[in-house]
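Down below is the structure, laid out as structure tokens.
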Protein chains: 2
Amino acid sequence: MAARPTMKDVALAAGVSLMTVSRVVNGDRGVSPQTTARVEQAVSRLGYQRNDNASHLRRKAQTTRTIGLVVDDLANPFYATLARAVEDEAYRRGYLVLVSSTNDDPRREREVVLAFSARQVDGLIVVPTAGSHSLLKAQMAQGMPVVCADRPARGLDADTVTVDNRDATRKAVTHLLAHRHRRIAYLGDQRDIWTLRERFAGYQEALRAHGVELDPGLVRHGLRSRAEAAQAVAELMSRQAPPTALFSSNDLITVGAIDGLGAPLPRVALVGFDDFPLADRLPRPVTVVSQDPATIGGTAAQLLFSRIDGYQAPPRSVVLMTRFIARGSGEIPPP
Amino acid sequence: MAARPTMKDVALAAGVSLMTVSRVVNGDRGVSPQTTARVEQAVSRLGYQRNDNASHLRRKAQTTRTIGLVVDDLANPFYATLARAVEDEAYRRGYLVLVSSTNDDPRREREVVLAFSARQVDGLIVVPTAGSHSLLKAQMAQGMPVVCADRPARGLDADTVTVDNRDATRKAVTHLLAHRHRRIAYLGDQRDIWTLRERFAGYQEALRAHGVELDPGLVRHGLRSRAEAAQAVAELMSRQAPPTALFSSNDLITVGAIDGLGAPLPRVALVGFDDFPLADRLPRPVTVVSQDPATIGGTAAQLLFSRIDGYQAPPRSVVLMTRFIARGSGEIPPP
DNA sequence: GTGAAAGCGCTAACAT
DNA sequence: ATGTTAGCGCTTTCAC
């Protein structure tokens, strides 16, 4: 467990001054080939590596070439794909990425943002929790570039990358209405998350546009797992007047809904938000609204780096399009 | 874009010395309540945050409370889940995590490990690429704790967390043999990856133990995508004497194999390494060998932190058990 | 209880 | 072409 060599050690070993070592290590011109060779030899003999933290501390442009990424849950394939896209964009620019999941807990978000900021990250990409964001606001006021991905942060004027949640849901539910469904259940995740409020709003708008009154008995919010979704669907289907169609507000709930329908599959139409692997290979291929997390992440990273590079202008809001993919489950007519 | 306040600024604002601010910020005792209050007020008025990098640089125990995680591909649900488990373990200990994907490219691994090391991470968790690992070796020699996850690094004596790849595959193929299959195809990923060499070895061992000669025509290595796997299976099935059973060496290939079988599904048994969502809900539920990436990641993190905490002993190798899950596709007898 | 001086590992600015 | 000095933001050490 030998202590790491420093520039001082290299200077001593090479018989030059510390400054000369610095020049060689940083590739600055103005060092004779002979000296350069001597220093490089000492570097490799000692296994010297520059301490980037010390370097960043001293440099004029106080930049760490590190960004922070705060997501809901890294294990969720959606955020994992988003994270990978961010990471690739960062890698191309020679930046490193600190990541953390929040589990949608505002307190944990707060801790993580503080920790990242204390580490002097050059910018933050955040999938904001449902809470308030006074901290992020304060960070931005101090000059920290912040980009929101997947959803905006309440009351925060920052660059944002989202998809057309409301519009896409309206179209999806309209698709079911066009197939003559009138009892369309809504299967929702937590209602305090922006994306889900938007999706529910789209559901309501579609019904209203078709003169269909919303039946509160067909609406379920707060489904947090596949099992909860399955349970909710089983209950809905055993009602006096069961729904003839289901709209599911994310991939997890869609899969749970299929669980809840059981086998053999009853005659119920199903459209889900989010595409998922094998949706096309299930016994009844699933019609979905598909969004592209890689593009969301990549776009967020580009916005962030433009700010880091000094771009000054009012916040931009990028809305990416979703794709409606009809596979069968959404095209079943009512009984 | 105001420059961030430093301790000096806070000291000036509170009318105390820089040292007193440091004491208050770090919660050291020995500061009068009145002074503490004055300093705290100045801190919050200026929005002061300690620069952790500077702090770490000067501290006696030169530790950054940051670890590096290097995976094959963060967008792959397997590694995403592993990463999440590492992150949780780090969070519990107040550590941050730098992540990067390598795409199994040894050069990129090299770059990333160097970058992490230059940032003074306290330790590394690596899913090693197939290449040589002289760099990791050098890092360890300089006192950097390193843990390998999912597979060992060739020629590197480090803590390692893996699963019983060979054994599990032997059992899976034996399962097919027990169902009287004799023409069992092997669908493999890149052969230079350790896990896949192990799995292929298990396949060979099972055949040998049952006196079945290996038919090279039934073995496909190097399948790198769902599409390539589908193509390979389509070719295999159109042979003079097609296989009656398939062993697939990872989840991606298993799904590709199902694609390649087409519809209606021919009478072919299928067992795959890796479980995947909805494997139980496909028209023919898929029999799999299931491993648990969260436990792999969590265990790797625990091993790493024990080293960071100073545990000194020869490298430990933890082998986690897989689970065989029979769901139907692997229990189909030959025609 | 509080502060002044030194220095972590490095680079900017100015010598020579 | 090379070296010296100062100092990034902070903590250690020692003095008062």
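The shown structure was predicted, so the numbers you read here are calculated from the model rather than taken from an experiment. Quick note on labels: first sequence line is chain A, next is B, and so on, each numbered from 1.
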Compute whether any side-chain donor of one residue and acceptor of the other, for B/Arg4 and A/Gln62, lie under 3.5 angstrom apart.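 Side-chain D/A pair, B/Arg4 to A/Gln62: absent.
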
Quick one: do the B/Arg110 and B/Ser132 side chains pair a donor with an acceptor below 3.5 Å?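 No donor-acceptor contact under 3.5 Å links the two side chains.
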
If you assign A/Asn51 and B/Gly30 each to the DNA chain C nucleotide with the nearest heavy atom, which residue ends up on the more 5' nucleotide?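 Final value for this comparison: B/Gly30.
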
Please report, rounded to the nearest Å, how far the [atom2] atom of [N] is from the [atom1] atom of [X].
X        : N      : atom1 : atom2 : result
A/Met19  : D/dA6  : CE    : P     : 15 Å
B/Leu18  : D/dC8  : CG    : P     : 11 Å
B/Lys60  : C/dA6  : NZ    : C1'   : 13 Å
B/Gln34  : C/dG1  : CD    : C1'   : 11 Å
B/Asp9   : D/dC8  : CG    : C1'   : 13 Å
A/Asn26  : C/dT11 : CG    : P     : 4 Å
B/Gln120 : C/dC10 : CD    : C1'   : 11 Å
A/Leu57  : C/dC8  : CG    : P     : 14 Å

Would a distance-only check, ignoring hydrogens and angles, find a side-chain to backbone donor-acceptor pair under 3.5 Å from B/Thr81 to B/Pro77?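 Indeed, once roles are kept as given, a pair shorter than 3.5 Å links the two residues.
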
Please walk me through it: do A/Asp159 and A/Arg307 pass side chain to side chain contact (heavy atoms under 4.5 Å, CB included)? CA-CA 9 Å; A/Asp159 289 339; A/Arg307 294 289 179 187; 2.8 Å; yes

Check whether any side-chain nitrogen or oxygen of A/Ser17 sits under 4.0 Å from OP1 or OP2 of D/dT2, and answer yes or no.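 Indeed not, no polar side-chain atom of A/Ser17 lies that close.
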
Could you check B/Arg50 against B/Arg23 and say which one's nearest nucleotide on DNA chain D is further toward the 5' end?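 Mapping each residue to its closest nucleotide by heavy atoms, the 5'-most match is B/Arg50.
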
